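Below, read A as the first sequence line, B as the second, and so on, with proteins coming before strands; counting in each chain starts at 1. The shown structure was predicted, so the numbers you read here are calculated from the model rather than taken from an experiment.
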Number of protein chains: 2
Amino acid sequence: MYTIGDTAKATDLPTKTVRYYADIGLVMPSGRSDSGYRLYSGREINKLIFIRRARSFGFSVQECRELLSLYEDQERSSRDVKAIALRRIAEIEKKLLELQSLHKELSYLAETCNGDNRPDCPIISGMSG
Amino acid sequence: MYTIGDTAKATDLPTKTVRYYADIGLVMPSGRSDSGYRLYSGREINKLIFIRRARSFGFSVQECRELLSLYEDQERSSRDVKAIALRRIAEIEKKLLELQSLHKELSYLAETCNGDNRPDCPIISGMSG
DNA sequence: CCTTGACCTTCCAGTTACTGGAAACATTAC
DNA sequence: GTAATGTTTCCAGTAACTGGAAGGTCAAGG
């Protein structure tokens, strides 16, 4: 069992955010210490890491809730699970392409503009591809 | 020259957001029509597409401002440009790894939970890798 | 020319997802 | 035992939109 600070370290989330997620019922601590400290188990740690990743790619908290429920809602049919997962996978693949494109653009910029004098770097005109 | 609606379509951003970016001085329209309509050129379209991408990967508006300034601030030395670009590239590479990991997790879920009966899918316990 | 509908304008209020800070209690380190 | 650090709740503030009202503009059809 981890206190909120240890949980924050383990998940690479701010303490404030972990507490916020508990407040909105996204990831509840598995219990409280005698003195009222939130206590998290490995399971919650894993959920929080998953959420941090999903959030950092623009999935809303609501969408994270839905993604988590894929694993937890015993009432939901496998068909639903698969449908939602596949929809998200398509989005992720689109994001992967865009992220690679962004990477390429910045790499080109770093390569091109590497002297002491400022070169022209007219890269914006090519930034939309 | 594009009106704000055409610009929104071309950049895949909501009209509201394009107007908001003008309000905060992130991307100004290159001019106004006689009747006061915002008018955008290809250059602004490209900037907006670049920003949409960067935003969707968690770069703040302030960071987008900095990234755009890499191309525009004639006072900034090439050394700075390269340093900032390299820092961002490192972040993007980390994001790429995490996005690939997210993709793998959801693909595994979609594959595993594909019958008509709900299988156990105890994937959360492996979600932190 | 007139009207209808889709566009645009400004302004202001509301939302999402945090984020910072105060006051007070708990735990750990010396 | 006391100082530093960590935790609690609560409340206010911020970033980046987002929705809606009230009104001006523009192209198409009658």
Starting at the 5' end of DNA chain D and moving along, which residue's nearest nucleotide shows up first, B/Q62 or B/S33? B/Q62
Whole angstroms only, please: what is the [atom1]-[atom2] distance between [X] and [N]?
X     : N      : atom1 : atom2 : result
B/I24 : D/dT18 : CD1   : P     : 13 Å
B/Y21 : D/dA15 : OH    : C1'   : 11 Å
A/F59 : C/dC18 : CZ    : C1'   : 19 Å
A/I4  : C/dT27 : CD1   : P     : 15 Å
A/L26 : C/dA17 : CG    : P     : 9 Å
B/D6  : C/dA6  : CG    : P     : 16 Å
B/L39 : C/dC7  : CG    : P     : 16 Å
A/D23 : D/dT9  : CG    : P     : 7 Å

salt_bridge(A/K94, A/E91) N-O dist < 4.0 Å: no
Would you indicate which nucleotide in [options] comes nearest to any side-chain atom of [X]?
X     : options                : value
A/Y37 : D/dA16, D/dG6, C/dA17  : D/dG6
A/R38 : C/dA17, D/dT9, C/dG20  : D/dT9
B/R19 : D/dA16, D/dG20, C/dT10 : C/dT10
A/S35 : D/dT9, C/dA26, C/dT10  : C/dA26
A/T3  : D/dC26, D/dT7, C/dC11  : D/dT7
A/K16 : C/dG20, C/dT27, C/dT9  : C/dG20
A/Y20 : C/dC18, D/dC17, D/dT25 : C/dC18

For A/S60, which contact category applies under a 4.0 Å heavy-atom criterion: base, sugar-phosphate, or nothing? sugar-phosphate
Test item: [X] and [Y] side chains (from C-beta on) under 4.5 Å apart, heavy atoms:
X     : Y     : result
B/F59 : B/E66 : no
B/S41 : B/M1  : yes
A/L99 : B/K95 : yes

Between A/R53 and B/S101, does any side-chain donor sit less than 3.5 Å from a side-chain acceptor? yes
Ignoring backbone atoms, establish whether [X] has a side-chain N or O less than 4.0 Å from OP1 or OP2 of [N].
X     : N      : result
A/T15 : D/dT7  : no
A/R32 : D/dT7  : no
B/T17 : D/dA16 : no

